[in-house]
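Here the structure is laid out as C-alpha cells; the discussion comes afterwards.
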2 protein chains.
Amino acid sequence: MADQQAFFDLLDIMESEEAVEQKRFFALMRSAFRIANLLYVDVELLSRGFRVHRIHHTFDTSLVDAYLDKDAGCIDAVLRMASSDVRPIDLADARRRYPDSEALFQAALHFGLPPEGIILPLSAPTRRCARLVIQTDIGAGEWTAYRRCHLRDFQLLANLFHASLLESDERFTDRVQPGAALTNRETEVLGWAAAGKSYWEIATILGISERTVRFFMTNARRKLNVVSNTQAVAQAVRHALIPIS
Amino acid sequence: MADQQAFFDLLDIMESEEAVEQKRFFALMRSAFRIANLLYVDVELLSRGFRVHRIHHTFDTSLVDAYLDKDAGCIDAVLRMASSDVRPIDLADARRRYPDSEALFQAALHFGLPPEGIILPLSAPTRRCARLVIQTDIGAGEWTAYRRCHLRDFQLLANLFHASLLESDERFTDRVQPGAALTNRETEVLGWAAAGKSYWEIATILGISERTVRFFMTNARRKLNVVSNTQAVAQAVRHALIPIS
DNA sequence: CGTTAACCTGTCACTACCGACAGTTTTGCG
DNA sequence: CGCAAAACTGTCGGTAGTGACAGGTTAACG
C-alpha cells in the first residue's frame, strides 16, 4: 500500500487537467507504479483485419514495428481475443487461453519481457475498441498481490487517460448529422430495403402503394445526399438510423 | 478509508465467481459503500431513439416505469449525454452541463433523491452503450472526498459486474458468421457499392469488366445469403465486413 | 501434375430501380 | 382557419441490377 499517495496524486492530475499528453501519462504511471511498459491501442475491428486509430506504447519501437509487419495474423488474433472480453485479463491468462497469442509472448520473452501484466478494457465509441496493456517485471508470485491491490487504480487511470485522448480527438465530434432528419416512414422503408425487400414487397407489408414506397425512398436518398438505395442503406446502417435487429 | 476491506472482499467475490447476480451485486455494493441506489443500463443507441438491452436498478419501479413512459424524450437526451462521454461524470456536473436532463433531476428530487452520485462508463460490444449510475445520500460537501476515495473502487467493480452480465448473455456469442468468408475482390466490390457506385463505375475503378463486377457481387450475395445488393451492403456494414471510412 | 480456389469475361431476357412529370389527403400547430 | 409538413398516389421512359446460360486464366498446395 506504499503507493496509495502516488495514485491519488495521479488521479488529481488526470481529473483536473484538460488533456494529459500520452508520453506524460506513461511516465507518470511508470513512476507511480511498478510498471515496466504500457501499450494503448484504439482500433476499428473489421470482420477481416482492423484499422488502427491510435497506438502508443513504451516498448522498443523497432520491436513493435518489426512484429506488426512480420505477423499481422497473430496481432489480429490477439486483438480479437482482447476485444472479445470486457473483463481485465491477465497476460498470463491470455497466453493460456488463446494459443494463437503464443508467438507474440515468445517474441516478447526473447526481448526480455516477461508475461506479467494485464489488459484493461476501455469504453470506446461505436464500432471502436480500445485497450490499455500494462506489463511489469514483477514475478508471478508477487504480481498476484500487487495486481489485487492496484487493479482498481490501473482501471480508473486508464479510463481517464482514454477519455482524455478521445476528447482531444476531432473525429470524436462527428456525431452531428449533416442535412435534415428522416421521417418515420422514410426510416421504415429504409429498414425494409436493408432487409432485402423490393418496392412491391414493402408496399404490401406497409399496406400502401408501390409508388409511395418509391416516394419515401426518393426523399430518403435526397436527405442523405446519396445516389442509390444501396448507398442510402449503407449510410443508414453506419449512422445507426436503423437498428441491427 | 474505513471500507477498504469491504472493497477487497467484494473484489474477490467478483473475480472468483463465474456469474454474479444483478440483485446480489447491488446488495453487496450497497452494504460495502454508502450508496443509496444503483442503475445499470445497456442500450443500442440509434440516431432516433434507442433499444434497451438490459436495465436494472434499485429505484422505485413505479417511479422509473412512469418516467420511461411519460418523457421518453428526456430519457433519450440523458442517455445520449451519458454515452457521449467516456469519462466518469458526476450527476451534479451532468445536470449543470446538460439542461435537457433537468426534468429528470427535478423528478428525482421530488421523490427524495438528491443529485449526488456518478455515471460510470462501461466497455460495451459493438454499437452498444452501457453505463452504471450510482446515486448516494451523501451531502455535496462530503461527496467530493468520498468520490475521490472510492471512484476507483466503483469503476473497477462496475466493470467486473458488467463483464459478468455480458458473459452470461447468449447474444454476446453471436460473433460467428454463418457461411463462407468473402474474398478480397468481393469485399472490395461491396465497399464500392456501399459508396453508391454502379457496376460500370466499379468496373472502371477496379480496371475490370462490368461483367466481372457482377460476378463478384453475385458471389457475395450468395455467400451472405441475401437477395439484393442493398441487403448485401446492409449486412456487410452491420457485420463490419467493410469499414466506416 | 492434378485439384482447388480465386479471378476474370461474354451474352440474353427479365425485373427492379430511378428521375421527372403532376397531383390529393391528412395531421399538427399557431 | 390557414399553413406547413408528412403521408399518399398515378404514369412514362430510361438505366441499372439480376439470374442463368457457358466459358478461360492464374496461383497455391499436396
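Below, chain A is the first sequence line, B the second, and so on; all start at residue 1.
An OP1 or OP2 oxygen of D:dA6 is reached within less than 4.0 angstrom by no side-chain nitrogen or oxygen of A:R185. Remark: B:T183 is in phosphate contact with C:dC7, judged by side-chain N or O atoms under 4.0 Å from OP1 or OP2. Side-chain N/O atoms of A:N184 include none lying less than 4.0 angstrom from OP1 or OP2 on D:dA6.
With rounding to whole Å, B:W200 atom CH2 is found 12 Å from D:dG17 atom P. When rounded to the nearest whole Å, the span between CD of A:E186 and P of D:dA7 equals 7 Å.
In this structure, a donor-acceptor pair under 3.5 Å is present between the side chains of B:T230 and A:T230.
Taking the C1' atoms of five terminal pairs at each end of the helix from C:dC1-D:dG30 to C:dG30-D:dC1, the two resulting helix axes are inclined by 60°, rounded to 10°.
Of all the residues in residues 202-220 of chain B, B:R211, B:R214 reach under 4.0 Å from DNA chain D with at least one non-hydrogen atom.
Across all non-hydrogen atoms, the minimal contact from A:M217 to A:N229 is CG-OD1, 3.1 Å.
Note: B:F161 and B:Y40 have perpendicular aromatic rings, judged against thresholds of 30 and 60 degrees for the angle between ring planes.
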Might you list the N or O atoms of the protein lying below 3.5 Å from N or O atoms in nucleotides 25-30 of chain C, with each pair's distance?
none

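When the nucleotides D:dG17, D:dA7, C:dC18 are ranked by their closest atom to the side chain of B:Y199, D:dG17 comes out on top.
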